S.K.: 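The following block contains the structure, expressed as C-alpha cells.
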Amino acid sequence: MMPADLPDSAAFGATLTIDLDALISNWRLLGKRAGTEASAVVKADAYGIGIEPAVTALAKAGCKSFFVAHVSEAIRARKVAPDATIYVLNGLLPGAAETFAAHGLSPVLGSHEELLEWASFRQTGAQVRPAALHVDTAMNRLGLWPGEGLNLARERSGVIAAAGIGLVMSHFASSEVETDPANARQIAAFAEIAAALPEVPASLKNSSGHFLKDCPSYQLTRPGYALYGGNPTPGQPNPMKPVVGLEATIIQTREVEAGTQVGYNGRWTAKGKRKLATICLGYADGYPRNGSWTDTSTGGSVLIDGVSCPFVGSVSMDLIIIDVTDAPADAAKRGASVTLIGGPLDLETVGGGAKTIGYEILTSLGRRYQRRYIGG
Ligand SMILES: *Cc1c(COP(=O)(O)O)cnc(C)c1O
C-alpha cells in the first residue's frame, strides 16, 4: 500500500493505463466482423494487461470462451469467470486430467496419446467439460497431422467420440501476411477436417484471420493480439482501439557538448550540443534492451508534446536516457511525463524500434508500473 501522503506519480517511475472499455469494444468488433462468436485468448497474463481484469471485463460483456496456455493461467481465469469454457492450448500433460476435472477446464488435445489419456479418464466416470481437438495445418508445433485427424474423425465410434470433443481447431502460421500462399493451404486443409466432423463446432481465425479474404469464420474465433489493440493488418490502418498507454517521468535533464559519450560503455556519442533527459523505466520494466540507440544502431523513442525524442545509449535496468533537444523546454523538464506507448507510438512502432514485434512488447509489460485500469 502507498503511504497516504506520497503521490502515485512520485512512488512509481511509470504509469501503465489499460482501457478495459477499448478491450471490450475490440472484442465486439471482431465478433461482428466474423459474424460468429468470438472467444478471447488471454494467455500470458492476457498479453501482459492482467488476466483477472481482462477476463472479468470480457465475461461481463458476454464473452463465454477463453483460451490460455497453461493450467495455472486457466485456474486464475476460472476464479473470475465461473461459468466460462476455458481451453488450455498446451493440452494435457501426463497425469493432469484430475486437475482439469477439478477446475472444469478443457484441454486442447493435440496428439493421439493425449486423446487416449483423456478418453480413458472420461471412461472412469469423471465429470469433465468437452475438450478441443487441435489439428496442425502448417506450424509443426502442436496438433495432429491433418491425415491423422481425418482418419480418427472417420472412425465414428473411435477415440474422438470417446474423448468428448466439443471443438476442433487449427492455428494460422502467417495470417498477418495476407498474400502468403500458406493461408489458402491451411484454409483448405482445415475445411476437410471440419467437414469430417460436421457435428463438432470449429475454430480457425486468430486476430489477423478475421481480416483474411475467403476464410470461413466457423462457430468460434480466437483473437488475442487485436483485442489488446495490436494491428491485425500490419502496413494498413489499425482497425482496433488502443488499449495500453505507457507514460514515464523525467527525473533529470542536462546539456552535453559534442563528443560526449552517454550511458553504459559510452555506446552513443553526441554529434553536437544536446539536451538530454533521464526517465525512470528500463529493461527491468520489460522495455527491451534492444531498444538501445547507439552510434551504430537505431532504437526506441518517446513522445513529448507530440515531438519524437530518441533514446540515446544503452537502455539501463531502471533508466533510459533520451535526447529532448527538439522538445519544448517546459515539457521536457524534471517531473514532466513522456509517452512510451500511445498515439503514433503504437505497439508495432515500439516493437520495431526494439527490433521485435508488438506482441513481445505487450507480453513483457513490467510488473513494476503503476497500473491504472479504466472502464470495464
Ligand atoms: C496465441 C494464439 C491465438 C491468438 O493469436 P493472435 O495472433 O494473438 O490473435 C489463437 N490460437 C492459438 C492456438 C494461439 O496459440
Side-chain angles (χ1 to χ4, degrees), residues 23 26-27 29-31 33-34 36-49 51 54-55 58 63 65-71 73-74 77 85-92 106-111 114 131-144 146 149 167-178 180 182-183 186-187 189-190 193-194 201-212 215 217-234 238-241 243-244 346-348 351 356-365:
L23 173 73
N26 287 340
W27 174 73
L29 180 99
L30 292 166
R33 188 172 169 96
T36 194
E37 185 183 337
S39 70
V41 181
V42 294
K43 61 198 181 189
D45 205 22
Y47 287 49
I49 74 158
I51 191 167
V55 171
L58 288 165
C63 182
S65 304
F66 296 90
F67 286 83
V68 295
H70 302 290
V71 171
E73 297 176 321
T85 303
I86 302 175
Y87 293 103
V88 177
L89 289 165
N90 287 359
L92 185 67
S106 302
V108 178
L109 304 169
S111 69
E114 283 181 62
L133 177 68
H134 195 165
V135 179
D136 191 333
T137 51
M139 295 276 275
N140 285 296
R141 190 175 68 166
L142 287 178
L144 296 171
L167 184 75
V168 58
M169 55 171 269
S170 190
H171 188 43
F172 277 117
S174 341
S175 54
E176 79 285 6
V177 187
E178 217 194 322
D180 192 318
N183 293 321
Q186 287 194 262
I187 290 168
F190 188 68
I193 299 282
S203 172
L204 179 59
K205 290 179 170 175
N206 64 339
S207 293
S208 295
H210 288 76
F211 299 85
L212 282 180
C215 182
S217 291
Y218 296 104
Q219 286 73 34
L220 189 71
T221 67
R222 303 188 315 277
Y225 189 53
L227 292 177
Y228 309 102
N231 188 353
T233 57
N238 189 351
M240 314 315 298
K241 287 192 179 163
V243 172
V244 170
D346 57 16
L347 292 166
E348 288 69 41
T356 180
I357 54 175
Y359 284 74
E360 193 174 356
I361 297 297
L362 264 184
T363 56
S364 306
L365 287 170

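What you see below is based on every heavy atom in this structure, not just the backbone, and it leaves out hydrogens, waters and symmetry mates. Computed from a prediction, not measured in an experiment: that's the story for all the values here. Counting begins at 1 with the first residue of the sequence. Both ligands and their constituent atoms are indexed starting at 1 by order of listing.
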S.K.: Tell me which part of L89 gets within contact of ligand 1: side chain, backbone, both or neither, using heavy atoms under 4.0 Å.
M.R.: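 For L89, the contact with ligand 1 is made by the side chain alone.
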
S.K.: Is it the side chain (CB and beyond), the backbone, both or neither of P223 that lies under 4.0 Å from ligand 1, heavy atoms counted?
M.R.: backbone

S.K.: So do I193 and L144 actually touch side chain to side chain, heavy atoms under 4.5 Å?
M.R.: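 A side-chain contact is absent here, since even the closest heavy-atom pair is not under 4.5 Å.
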
S.K.: Out of M169, K205, K43, R222, who gets a non-hydrogen atom closest to atom 2 (C) of ligand 1?
M.R.: K43

S.K.: D346 versus N231: any side-chain heavy-atom pair under 4.5 Å?
M.R.: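 No, every pair of side-chain atoms sits at 4.5 Å or beyond.
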
S.K.: Would you say H171 and ligand 1 have an N/O pair spaced under 3.5 Å apart?
M.R.: yes

S.K.: Between S106 and Y87, is the side chain to side chain contact (heavy atoms under 4.5 Å, CB included) condition met? List the steps.
M.R.: CA-CA 5 Å; S106 302; Y87 293 103; 3.6 Å; yes

S.K.: Answer side chain, backbone, both or neither: which part of H210 comes under 4.0 Å from ligand 1, heavy atoms only.
M.R.: neither

S.K.: Going by heavy-atom distance to atom 8 (O) of ligand 1, choose the closest among F172, Y47, Y228, Y87.
M.R.: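 Among F172, Y47, Y228, Y87, the closest heavy atom to atom 8 (O) of ligand 1 comes from Y47.
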
S.K.: So is Y225 polar-close to ligand 1, meaning N/O to N/O under 3.5 Å?
M.R.: yes

S.K.: Say whether M139 and ligand 1 are in contact under the criterion: heavy-atom distance to a ligand atom below 4.0 Å.
M.R.: no

S.K.: Does the N or O separation between G224 and ligand 1 drop below 3.5 Å for any pair?
M.R.: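 There is such a contact, yes.
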
